Amino acid sequence: MASSTTGEKKILTLKGGDNEEFILEESLVLQSELLKNMVKEERVSSIPLPSIKSKTLVKIIEYLKKHAELTPSNKEEFKNFEKEFVNVVLEELLDITVAVNYLKINGLLEFCCQAVADRIKDKSVEAVRKIFRIESDFTPEEESEFRKETPEAFEGDLDDTTN
Amino acid sequence: MALEYFTELLDSLFFNKRCRGDEELAEIFIDILSRLPTDSLVRFQRDCRDLRVLISSQYFTTLHLSRARPMPLLRDNNFGTNKRSKQFYMLIDNLNEEYREVRLGTLYLRRNKQLGEHPPRIVCSCQGVVLFAYHPSPYYALNPITKEEVRDSWCQYLVYVFKTRTWRKIHSPSTFNFYPCDASPAVVNGALHWIMLTDLEKKDVPPCANGIMVFKMDKEELSAMPHPGSVCNCIT
């Protein structure tokens, strides 16, 4: 398959889960280990990513662009961008983290995991169950035992929201 | 091996529901968990059994520890004025860039420990486990992550190997069941000497015959010798 080119730069198409297409420079996607291998070994010009929502893909492409522009002089600006980047609802942040893991963008993955950890650290037991869709398999007796054992785990201003 | 096991475990758990069929997702989840502060982990152990197994596992605690920074523990000496008083504080985010914010977290001990007449004394901490000396039973070790504790009245002596960052059991010709006083040992003829406090099997008998514990550093060998005085002065 021949890659389409405009001038010198190679162009690549990414297809999100809802078939929306994103056209970008090939050099950008090389930040993803997964796409790098696909581009180098299989010489494809269009890559379908059905498991990634378009909304998520937009965010990730935005990151790739910013990261590619990173120089020692705009480090501070990039840090602010990163902070803003993870400032989305938790559900969306998890989608991004899962997608970044799939695409193997290592620097961003580390950053996302830390961001998720910062967001859930003050959540209540109940909130975490909702966020990760965990069903409790403890009996009511065991639950009340926990409350006796470590009452502090159920006290304080814990965050009950899932955002 | 451990990772494979947990990947399976977590895969069966909930990531199946979030995003079907990708086993690597369990790894991210473990990664996220390993970045959480200990009090959050203690709380999340209550979420479900699989999570409890994971958080208490050696694999996870080692991973969590690898991210940990040294953390000073402060002891509240005003113990006893308030029944719910928190005795131990951890300095969180210590010494950040500008020394401005210092947050205090609390190290919770089980209630019976908190309210004892003699609050436990921190002896030392190593690899994430804190060792306390406590009144009825001489020592207990607490893992603040899992809140698991080991209480025992016997001692085990190990040597820490800096090169490999591991502990190695040391040989002793007889079973050793003493614990020494806290003072630094004296070094004589290439061996460390401690004055013994108590023989844990015969608590009421002053350990005169085994008044001094000797550790030969070259052979890594433990032994005991009688103290030279006529009166045992280490027991009051």
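Below, read A as the first sequence line, B as the second, and so on, with proteins coming before strands; counting in each chain starts at 1. Note that this is a predicted model, so its numbers are computed, not measured.
- Between the A/Arg129 side chain and the B/Asp47 main chain, a donor and an acceptor come within less than 3.5 Å of each other.
- Of the charged side-chain nitrogens involved, at least one lies within less than 4.0 Å of a carboxylate oxygen, so that A/Glu142 and B/Arg49 count as a salt-bridged pair.
- Atoms NZ and CG, from A/Lys123 and B/Leu36 in turn, are 12.0 Å apart once rounded to the nearest 0.5 Å.
- Here the shortest heavy-atom pairing between B/Cys48 and A/Ser136 reads CB-CA, 4.5 Å.
- Here CD of B/Glu27 is found 7.5 Å from CG of A/Asn101. Values are rounded to the nearest 0.5 Å.
- Nearest heavy-atom pair across A/Val98 and B/Ile28 is CA-CD1, 4.0 Å.
- Distance check: A/Asp137 CG to B/Asp50 CG gives 6.5 Å after rounding to the nearest 0.5 Å.
- Within the model, atoms CD1 of B/Ile32 and CZ of A/Arg119 stand 11.5 Å from one another, a figure rounded to the nearest 0.5 Å.
- When all heavy atoms of B/Phe44 and A/Ile120 are compared, the closest pair comes out as CZ-O, 3.2 Å.
- Contacts between A/Glu110 and chain B at a heavy-atom distance below 4.5 Å involve backbone atoms as well as side-chain atoms.
- To the nearest 0.5 angstrom, B/Phe29 atom CZ is 12.5 Å from A/Thr97 atom OG1.
- At distances below 3.5 Å, not a single donor-acceptor pair connects side-chain atoms of B/Arg43 with backbone N or O atoms of A/Ser124.
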